[in-house]
There are 2 protein chains.
Amino acid sequence: MAGVRQDARTRTSSLEVTASLIDAALAILEEAGLPALTVRAVATRAGVAPMGVYSRFGNKDGLLEALFVHGFDTLEVAIETRSDANPLRRLSIGCLGYRQFAIDNPQLYHLMFEQMMLLELSPESREAAKRSFMILVDRVQDAMNSGDLTNGDSTEVAQELWSAMHGAVSLEIAGVHFAQDRAANFAAMINALIRGLG
Amino acid sequence: MAGVRQDARTRTSSLEVTASLIDAALAILEEAGLPALTVRAVATRAGVAPMGVYSRFGNKDGLLEALFVHGFDTLEVAIETRSDANPLRRLSIGCLGYRQFAIDNPQLYHLMFEQMMLLELSPESREAAKRSFMILVDRVQDAMNSGDLTNGDSTEVAQELWSAMHGAVSLEIAGVHFAQDRAANFAAMINALIRGLG
DNA sequence: TCCTCTATAGAACGTTGTTCTCTAGTTGTG
DNA sequence: CACAACTAGAGAACAACGTTCTATAGAGGA
């Protein structure tokens, strides 16, 4: 586990501290939620002084932005799918992976999209988010190329899919979802949308 | 305008204070954003001491919950539509009203769904949110009754629509939306979803 | 007109994000 | 191996936050 403090007032090996802080923040986030994610709590758990957060991330927002990037890097893996003879099936599997990521990391997922609203993200961070989106665009383009989706602007169609997925998992995570079976409702929505896109 | 302080240390008429606090909070929220929405700022703008927030709403979360209810009451009006010979058109118009509410009150919209995730809402508050949802359910049921939508569980279908709408406006408000024309992309998504639902 | 009660203005407290300072640890040089 | 210069971080300190406390101003009944 990261953040084992050897001794009071000992210099911790510098390379590991950044990772320790992010690990500590992720752990606190999922265990105790966003309000518990204080600079002091993260630093203590990582075995450093609060100052460590500022020397590495600038301020708390910088740490949150690091979590944002980490989240999208993880999401990128979650929606990646291996090649499939049926492009629509591959697309659907990626969508289910998207939902699974949100269900597995509800607090992180919420934080990722929260940040976009509240703080000004660097272009590099926004790029990390766009990488995940581009995977979706690729899957849509594949389905258009094979004739499984009506030809059109794959970015526009991918955006429609992303909007729908994001809304569904956001409401599910927030606990305001009136469907009986939320996984089934998610799948039904994706299927209806894909069917409607022709 | 609410919150005109007559004099230092004057008893303000009790009935108006609650409304003044909510008005002040809404104004600060849309003008300066969520971080600026402090108990002191709201109380000052409403012309009362911070204590006023606590005697009326319990704590800051209580004030936020009042904003939540106010938001859903306003949303309910925004998605309400007058009777229409074409049930699908009426449904679509309601959906556009939903988006317009979010675009017109981005900070409030964000806060409403933020609250659901972060704090435990009272059953009464949740009921206010559900009232808006039920309007959507009614429109879906109308379209099913007329044969414009395949018969099925109107709640499930309404949930799919709500998910999609919420995701689209959330991403649009957050500024992470890759479509050229966001209004058009929203309409295209709704149309595709309705088409896919049959 | 006085008394009682309620609501609240203003001060005070603990915790937060952030900054400052000083020292311990590291690194380069002989 | 010894010493000096530099760097990074530990811990204290600060402003602002949510919240609580207390003394008092105002309302209502006799």
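Just so it is clear: chains get the letters A, B, ... in the order the sequence lines come, proteins before strands, and each one is counted from 1. From a predicted model like this one, the values you see are computed outputs, not experimental measurements.
Every ring-ring contact (aromatic ring centres under 6.0 Å, His included) that A/F133 has, sequence neighbours left out, goes to A/W162, B/F178.
Atom CG of B/L63 is separated from atom P of D/dT19 by 10 Å (rounded to the nearest Å). In this structure, A/L64 places its CG atom 12 Å from C1' of C/dG17, rounding to the nearest Å. In this entry the distance linking CZ of B/F57 with P of D/dT19 reads 13 Å, nearest Å. Taking atom CG of A/L34 as the reference point, atom P of C/dT16 lies 13 Å away to the nearest angstrom. Residue A/M51 contributes atom CE, which lies 9 Å from atom C1' of C/dT18 at whole-angstrom precision. Protein atom CG of B/L21 is 12 Å distant from nucleotide atom C1' of C/dT8, rounded to whole Å.
Salt-bridge check for A/R126 with A/E65: failed, with every basic side-chain N at 4.0 Å or more from each acidic carboxylate O. Contact check on A/E156 versus B/R182 returns no salt bridge, with no Lys/Arg side-chain nitrogen under 4.0 Å from an Asp/Glu carboxylate oxygen. The pair B/E76-B/R131 meets the salt-bridge criterion, with a side-chain N (NZ, NE, NH1 or NH2) lying under 4.0 Å from an Asp/Glu carboxylate O.
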Sort me out a list of protein N/O and nucleotides 15-18 of chain D N/O pairs below 3.5 Å, or just none if empty.
{"residue": "D/dG18", "atom": "OP1", "partner": "B/K60", "partner atom": "NZ", "Å": "2.7"}
{"residue": "D/dG18", "atom": "OP2", "partner": "B/V39", "partner atom": "N", "Å": "2.9"}
{"residue": "D/dG18", "atom": "N7", "partner": "B/R40", "partner atom": "NH1", "Å": "2.6"}
{"residue": "D/dG18", "atom": "O6", "partner": "B/R40", "partner atom": "NH2", "Å": "2.8"}

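Distances shorter than 4.0 Å separate none of the side-chain N or O atoms of A/R56 from OP1 or OP2 on D/dA8. Taking side-chain N and O atoms only, B/S55 has no distance below 4.0 Å to OP1 or OP2 of C/dA7.
Residue A/A49 places its side chain closer to D/dG11 than to any other of C/dA9, C/dT8, D/dG11.
Atom CD of B/E120 has 12 or fewer heavy atoms from other residues, nucleotides or ligands within 6.0 Å.
Checking B/S163 against B/Q159 by side-chain atom types alone, a donor-acceptor pair falls below 3.5 Å.
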